[in-house]
Participant: 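Structure below; questions to follow.
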Amino acid sequence: MELEIVAKALKELGHPTRLAIYKTIVKAGYKGVAVGVIQEKLNVPGSTLSHHISSLASAGLLSQRREGRTLYCVAEYQCLDRVIGFLKAECCCEDEEYAQTSCQGIASSQKQQHK
């Protein structure tokens, strides 16, 4: 994932209201959550909410779908995974001792999961 794309996603998530909105959407799962429900839960004015949702959508963090008169927001989990993966990809890669023990720990835990 390109640095600029990740930076935009993190910028949008860096605002407290947008982060609260996104957490609400992520919690809803793949079915999504109605914009009206988000507004009620977070007590955010409609126009403000619309602006924040638009910002999150422009960063690729969510998509929207309409069912009748109801607009739903759905988290784009692949985008979220790519952002997190980008941040973790090179974690401690220059610390050889940590990288070796960390990788061994991961391999060990993966073996345990497959038993």
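If you read the sequence from its start, that first residue is 1, and numbering goes on from there.
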Participant: What side-chain hydrogen bond (donor to acceptor under 3.5 Å, both in side chains) pairs are there with at least one residue in residues 20-38, not counting sequence neighbours?
Facilitator: none

Participant: Under the salt bridge (Lys or Arg N to Asp or Glu O under 4.0 Å) definition, can you give me all pairs with a residue in residues 46-61, not counting sequence neighbours?
Facilitator: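 Not a single pair qualifies under salt bridge (Lys or Arg N to Asp or Glu O under 4.0 Å).
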
Participant: Which pairs count as side-chain hydrogen bond (donor to acceptor under 3.5 Å, both in side chains) when at least one residue sits in residues 56-71, sequence neighbours excluded?
Facilitator: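 For residues 56-71: Lys8-Ser58, Ser63-Glu76, Arg65-Glu67.
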
Participant: Of all the heavy-atom pairs spanning Val33 and Ala28, show the shortest one and how long it is.
Facilitator: CB-CB, 3.7 Å

Participant: For Ala59 and Cys79, which heavy atoms make the closest approach, and how far apart are they?
Facilitator: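 Looks like O-SG, 4.0 Å.
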
Participant: How would you list all residue pairs meeting side-chain hydrogen bond (donor to acceptor under 3.5 Å, both in side chains) that involve residues 37-55, not counting sequence neighbours?
Facilitator: Arg18-His52

Participant: Which residue, Ile25, Ile21, Leu49, Val37, forms the side-chain contact (heavy atoms from CB on, under 4.5 Å) with Cys73?
Facilitator: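 Of the listed residues Ile25, Ile21, Leu49, Val37, the side-chain contact (heavy atoms from CB on, under 4.5 Å) partner of Cys73 is Ile25.
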
Participant: Begin with the C-alpha distance, continue with both residues' side-chain angles, and end with the deciding distance and a verdict on side chain to side chain contact (heavy atoms under 4.5 Å, CB included) for Val44 and Ile38.
Facilitator: CA-CA 8 Å; Val44 177; Ile38 298 169; over 6 Å; no

Participant: With a 4.5 Å cut-off on side-chain heavy-atom distances among I, L, V, M, F, W and Y, is there a chain of contacts connecting Leu13 to Tyr77?
Facilitator: yes

Participant: Any non-hydrogen side-chain atom of Lys88 less than 4.5 Å from a side-chain atom of Ile84?
Facilitator: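 Sidechains of Ile84 and Lys88: in contact.
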
Participant: To the nearest 0.5 Å, what is the distance between CD on Glu12 and CG on Leu62?
Facilitator: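 Going from CD on Glu12 over to CG on Leu62, the span is 10.5 Å.
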
Participant: Using the rule that two of Ile, Leu, Val, Met, Phe, Trp, Tyr join whenever any of their side-chain heavy atoms come within less than 4.5 Å, decide whether Leu56 and Leu10 are in one cluster.
Facilitator: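 No.
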
Participant: Grouping I, L, V, M, F, W and Y whenever their side-chain heavy atoms are under 4.5 Å apart, do Leu19 and Leu42 come out in a common cluster?
Facilitator: yes

Participant: Do Val26 and Phe86 belong to the same hydrophobic cluster, where Ile, Leu, Val, Met, Phe, Trp and Tyr are linked whenever their side-chain heavy atoms lie under 4.5 Å apart, directly or via other members?
Facilitator: no

Participant: To which residues is Tyr72 joined in a hydrophobic cluster, defined by side-chain heavy-atom contacts under 4.5 Å among Ile, Leu, Val, Met, Phe, Trp and Tyr, whether direct or through other members?
Facilitator: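 Other cluster members: none.
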
